[in-house]
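Following: one structure in structure tokens, then a few remarks.
Convention: sequence-line order gives letters A, B, ...; per-chain numbering from 1.
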Amino acid sequence: MLTIHNTMSGMKEAFKPLIPGQVGMYVCGVTVYDDCHLGHARSAIVFDTIRRYLQWRGFVVTYVRNFTDVDDKIIVRANQESRDWTEVVAQYIDAFARDMERLSVTVPDQEPRATEHMPEIIHMVGGLIDKGVAYVVDGNVYYRVGGFSEYGCLSHRKLADMLAGARVDIDERKHHPMDFALWKTSKVGEPAWESPWGSGRPGWHIECSAMSVAHLGETFDIHGGGEDLIFPHHENEIAQSQAFTGKSFARYWIHNGFVTIHAEKMSKSLGNTFTIRALFEASGYAEVVTAEVIRYFVLSAHYRSPIDVLDDSFQESKRALNNVYDLLLRLDEVSTTHGGADADIAGILTRLQSGFEAAMDDDFNTPEAIGELQRVRTEINVCLAKGLSGETAAQVRDRLRSIGQVLGLFQIQVQDWEFGEKAAWTSKLANRSTPQLSEVDIEEMIGERQAARSNKDWKRSDEIRDNLAVHGVILEDRPDGTSRWKR
RNA sequence: GGCGGCGUACCCAAGUGGUUAAGGGAGCAGUCUGCAAAACUGCGAUUCAGCGGUUCGAUUCCGCUCGCCGCCUCCA
């Protein structure tokens, strides 16, 4: 049974979708005013994995992830750079798409944009005014927080407590300090849409209410995002949506934890942000390899825990992944028709699958799931040493790949995996750029070394191996006298 | 001030009211190897921040203390 930790109740709950077999899932995407960083990557990877697992479990998932493409920060950015806000939006939507593609994050079923839902937004704002939970002041529309008795139900706070914390802007136009804008008047040159309250633009929050209801209905199954969105963003979405529709909004709220760098929150003032793009550029590995390393790192901690990036974090993930690809390499090499350990495989694969599902069913416990995979890896290696038939080896490989697919791991062709270490990542390892040897050259050198070895010319043999190593080629001698190589 | 979370071996990180407290990285030793590498095997927390309480029994539940962190303002 799949259980999910619901932020609303603060507990793990059995997951039962509204319509059996189907899941509607809305995840807050990004406001497109800057490049995305590792924190965005975590959120994207976590919810991508949740989506993949729901599909693995047989649910038909409708996955919606929005773009907030009208916002104060976008306007500020456009003004700073003296260009039109639509250019800023276009640039960062493209950048986001590129980042997601690089991270092997699957494309959502819908990627709605706020600016494409103005009629729905205006309709919702008008409806909230009609119902008396919103009021107009000089072309601005505010939501009356005091009129929604459940306000604070998601973040588990009381209005009075929030006020006691001070730090709330005093805005004379608001009836209550916690009231928030549904609609703002626009200045000349700012993005603006005609509305019954004058020319203006939506406040933050309302676009997600309008888009989620438009694409998934008034009540839907899962709403997710980073934990910082719990308040005020998701709290306000609930207030708006439920006041407007009169129905309950999202049924399961899922929030992922933060990424910190050396235990510090990423922030521009600290200068410790890692953009996704920079990570790929610094890695030194092929993009597909880098993607799996980042995914492995992200999924090696539970999604609700904070995850800290240290100098060696990515390198550790890379090495852990090397083990699995070493196994896949050996599985690919199997060519015998019968194997002594074939009989053991069925049981191992069954346990792998049940262990994997048990872990994922428990609130998407990816670290546990990865642990299960690593444990089974050793068992399979033992079988391999005893002997596997080519057919069984292929079966093992396919199963590892199909389970790995849920996590977005082990999907690379073995010959494209890079076993050597060359990443700069966060530490300052120099990026060596030695010319790549062609496969023909490598095979030739291996042939020469083999001849040297059969003459017991160990000096020459080691010379060749060292020379290959300089070019990033790793040699491993098999018991039968042949050698395998990998980069 | 309010709310919430965390503290498990050198590092990362799961987990459980009671059999051996996963797994990965690093390390050490062994098997294998001409030597390596890989793989495998073994070693490594008598202990889960500290102190009390509940219990036949707690790392796991409760309370307190110490330390760290997040949210309460834009934020994945």
Side-chain angles (χ1 to χ4, degrees), chain A residues 7 10 27-31 33-34 36-47 71-73 76 152 155-158 160-169 178 204 224-233 235 255-260 263-268 296-297 300-302 304-313 315-324 326-327 329-330 355 359 362 365-382 384-386 419 453 456-459 461-462 465-466 469 474-479 481 483-486:
Chain A
T7 307
V27 173
C28 284
V30 291
T31 301
Y33 74 103
D34 204 351
C36 289
H37 54 63
L38 233 198
H40 298 102
R42 183 184 193 187
S43 184
I45 289 167
V46 161
F47 287 104
D71 180 87
D72 290 354
K73 289 195 291 296
V76 168
S155 52
H156 307 110
R157 324 170 168 183
K158 300 182 183 76
D161 293 341
M162 288 189 256
L163 287 178
R167 290 208 296 180
V168 176
D169 286 344
M178 297 304 293
W204 186 28
E227 67 178 7
D228 51 337
L229 295 179
I230 296 171
F231 190 90
H233 186 55
E235 196 72 72
H255 293 97
N256 66 275
F258 274 113
V259 177
T260 55
E264 283 180 321
K265 184 173 172 175
M266 276 191 287
S267 81
K268 281 170 190 162
Y296 191 99
F297 170 68
S300 65
H302 185 81
R304 283 190 284 118
S305 304
I307 190 169
D308 197 28
V309 181
L310 301 172
D311 285 344
D312 297 330
S313 296
Q315 205 57 259
E316 279 186 18
S317 296
K318 172 67 171 52
R319 288 175 184 163
L321 234 20
N322 278 352
N323 294 335
V324 179
D326 263 318
L327 169 61
L329 174 62
R330 264 173 269 116
D362 182 16
N365 192 337
T366 54
E368 179 76 44
I370 287 174
E372 197 63 43
L373 281 157
Q374 291 282 11
R375 199 159 31 234
V376 162
R377 174 180 60 82
T378 300
E379 294 180 32
I380 297 171
N381 271 320
V382 171
L384 218 34
K386 284 198 258 179
F419 289 90
R453 291 181 74 208
K456 299 203 187 303
D457 183 355
W458 310 126
K459 185 164 172 285
S461 164
D462 292 349
R465 189 168 61 196
D466 293 345
I474 302 160
L475 272 197
E476 293 171 6
D477 296 334
R478 299 190 187 93
S483 304
R484 78 164 64 92
W485 64 273
K486 59 194 188 186

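- Here the separation of rG4(B) from rG44(B), taken at their C1' atoms, is 36 Å to the nearest Å.
- Annotation: the span from T31(A) atom OG1 to K73(A) atom NZ amounts to 5.0 Å, rounded to 0.5 Å.
- Base engagement by G257(A) is indicated by at least one non-hydrogen atom pair under 4.0 Å involving a base atom.
- For R157(A), taking side-chain heavy atoms from C-beta onward, the closest of the listed nucleotides rC71(B), rC40(B), rA38(B) is rC71(B).
- With hydrogens and angles disregarded, a donor-acceptor distance shorter than 3.5 Å links the side chain of N365(A) to the backbone of E368(A).
- In this structure, rC10(B) and rG25(B) make a Watson-Crick or G-U wobble pair, each of the two defining distances being under 3.5 angstrom.
- Computed from coordinates, the K318(A) NZ to rC11(B) P distance equals 24 Å when rounded to whole Å.
- Minimum atom distance to the side chain of T378(A) is reached by rG24(B), of the listed rG24(B), rG34(B), rA26(B).
- Remark: rG17(B) base-pairs with no nucleotide in the shown strands. Criterion, Watson-Crick or G-U wobble with two distances under 3.5 Å.
- Of the P atoms belonging to rG27(B) and rC66(B), the separation is 40 Å, rounded to the nearest Å.
- One finds a side-chain N or O of R377(A) lying less than 4.0 angstrom from the OP1 or OP2 phosphate oxygen of rG24(B).
- Set against rA76(B), rG70(B), rA26(B), the side chain of E227(A) has rG70(B) as its closest nucleotide.
- Looking at the side chain of P367(A), the nearest of the listed nucleotides rG34(B), rA38(B), rA14(B) is rA14(B).
- OP1 or OP2 of rC71(B) sits under 4.0 Å from a side-chain N or O of K265(A).
- One N or O donor and one acceptor, one from the side chain of D477(A) and one from the base of rC35(B), sit under 3.5 Å apart.
- The residue E476(A) sits close to a base: some heavy atom pair falls under 4.0 Å.
- The backbone N or O of S461(A) lies less than 3.5 Å from no partner atom in the side chain of R453(A), so there is not a single donor-acceptor pair.
- Judged by distance alone with a 3.5 Å cut-off, no donor-acceptor contact links the side chain of N323(A) to the base of rG24(B).
- Defined by atom type and a distance below 3.5 Å, a donor-acceptor pair is present between the side-chain atoms of N256(A) and S43(A).
- Scanning atom types as modelled, one donor and one acceptor separated by under 3.5 angstrom connect the side chain of E316(A) and the base of rG24(B).
- Distances were taken from every side-chain heavy atom of R319(A) (C-beta onward) to each of rA26(B), rG70(B), rA38(B); the shortest belongs to rA26(B).
- On a pure distance criterion of 3.5 Å, no polar donor-acceptor pair joins the side chain of S300(A) and the base of rG23(B).
- Each of rG15(B), rG24(B), rA76(B) was ranked by its minimum atom distance to the side chain of V30(A); first place goes to rA76(B).
- A gap of 16 Å separates the P atoms of rU60(B) and rU55(B), to the nearest Å.
- Applying the Watson-Crick and G-U wobble criteria (two distances, each under 3.5 Å), rG44(B) pairs with nothing in any strand.
- Among the nucleotides rG24(B), rG34(B), rU73(B), the one closest to the side chain of M178(A) is rU73(B).
- Here R377(A) contributes atom CZ and I370(A) contributes atom CD1; the two are 12.5 Å apart, rounded to the nearest 0.5 Å.
- Taking the side chain of R465(A) as heavy atoms from C-beta on, and the options rG34(B), rA37(B), rA76(B), the nearest nucleotide is rG34(B).
- Closest to the side chain of S461(A), out of rG24(B), rG34(B), rC40(B), is rG34(B).
- Figure legend. rU33(B) is base-paired to no nucleotide; pairs are counted as Watson-Crick or G-U wobble with both atom distances under 3.5 Å.
- The C1' atoms of rA21(B) and rC62(B) are separated by 22 Å, rounded to the nearest whole Å.
- Looking at heavy-atom distances under 4.0 Å, G226(A) makes contact with sugar-phosphate atoms alone, never a base.
- On the P atoms, rA45(B) is 14 Å away from rG23(B), given to the nearest whole Å.
- When Watson-Crick and G-U wobble pairs are counted only if both distances are under 3.5 Å, rG57(B) pairs with no nucleotide at all.
- If you check every strand for non-hydrogen atoms under 4.0 Å, V259(A) touches a base.
- In this model, the phosphate group of rC40(B) is approached by a side-chain N or O of N381(A) to a distance below 4.0 Å at OP1 or OP2.
- When all heavy atoms of D477(A) and R465(A) are compared, the pair lying nearest together is OD2-NH1, 4.0 Å.
- Among all heavy-atom pairs drawn from F47(A) and G225(A), the shortest one is CZ-N, 3.2 Å.
- Across all strands, A385(A) comes closer than 4.0 Å to no nucleic acid atom at all (heavy-atom distances).
- Each of rC71(B), rG2(B), rA14(B) was ranked by its minimum atom distance to the side chain of F258(A); first place goes to rC71(B).
- Contact annotation for R484(A): no contact, since no heavy-atom pair falls under 4.0 Å across all strands.
- At the phosphate of rG4(B), neither OP1 nor OP2 sits under 4.0 Å from any side-chain N or O atom of T7(A).
- Comparing the C1' positions of rG2(B) and rC43(B) gives an interatomic distance of 50 Å, to the nearest angstrom.
- Pairing for rG1(B) goes to rC72(B), judged as Watson-Crick or G-U wobble with the two contacts each under 3.5 Å.
- OP1 or OP2 of rG15(B) has at least one side-chain nitrogen or oxygen of N365(A) nearer than 4.0 Å.
- Within 4.0 Å of H233(A), counting heavy atoms only, lies no atom of the nucleic acid at all.
- With the nearest nucleotide of RNA chain B identified for both L475(A) and H156(A), H156(A) has the one nearer the 5' end.
- The base of rA76(B) is not paired with the side chain of R42(A) by any donor and acceptor separated by under 3.5 Å.
- Y296(A) does not carry K318(A) over the face of its six-membered ring by the limits of under 6.0 Å from the centre and within 45° of the normal.
- The CD atom of Q315(A) sits 12 Å away from the C1' atom of rA26(B) (whole-angstrom rounding).
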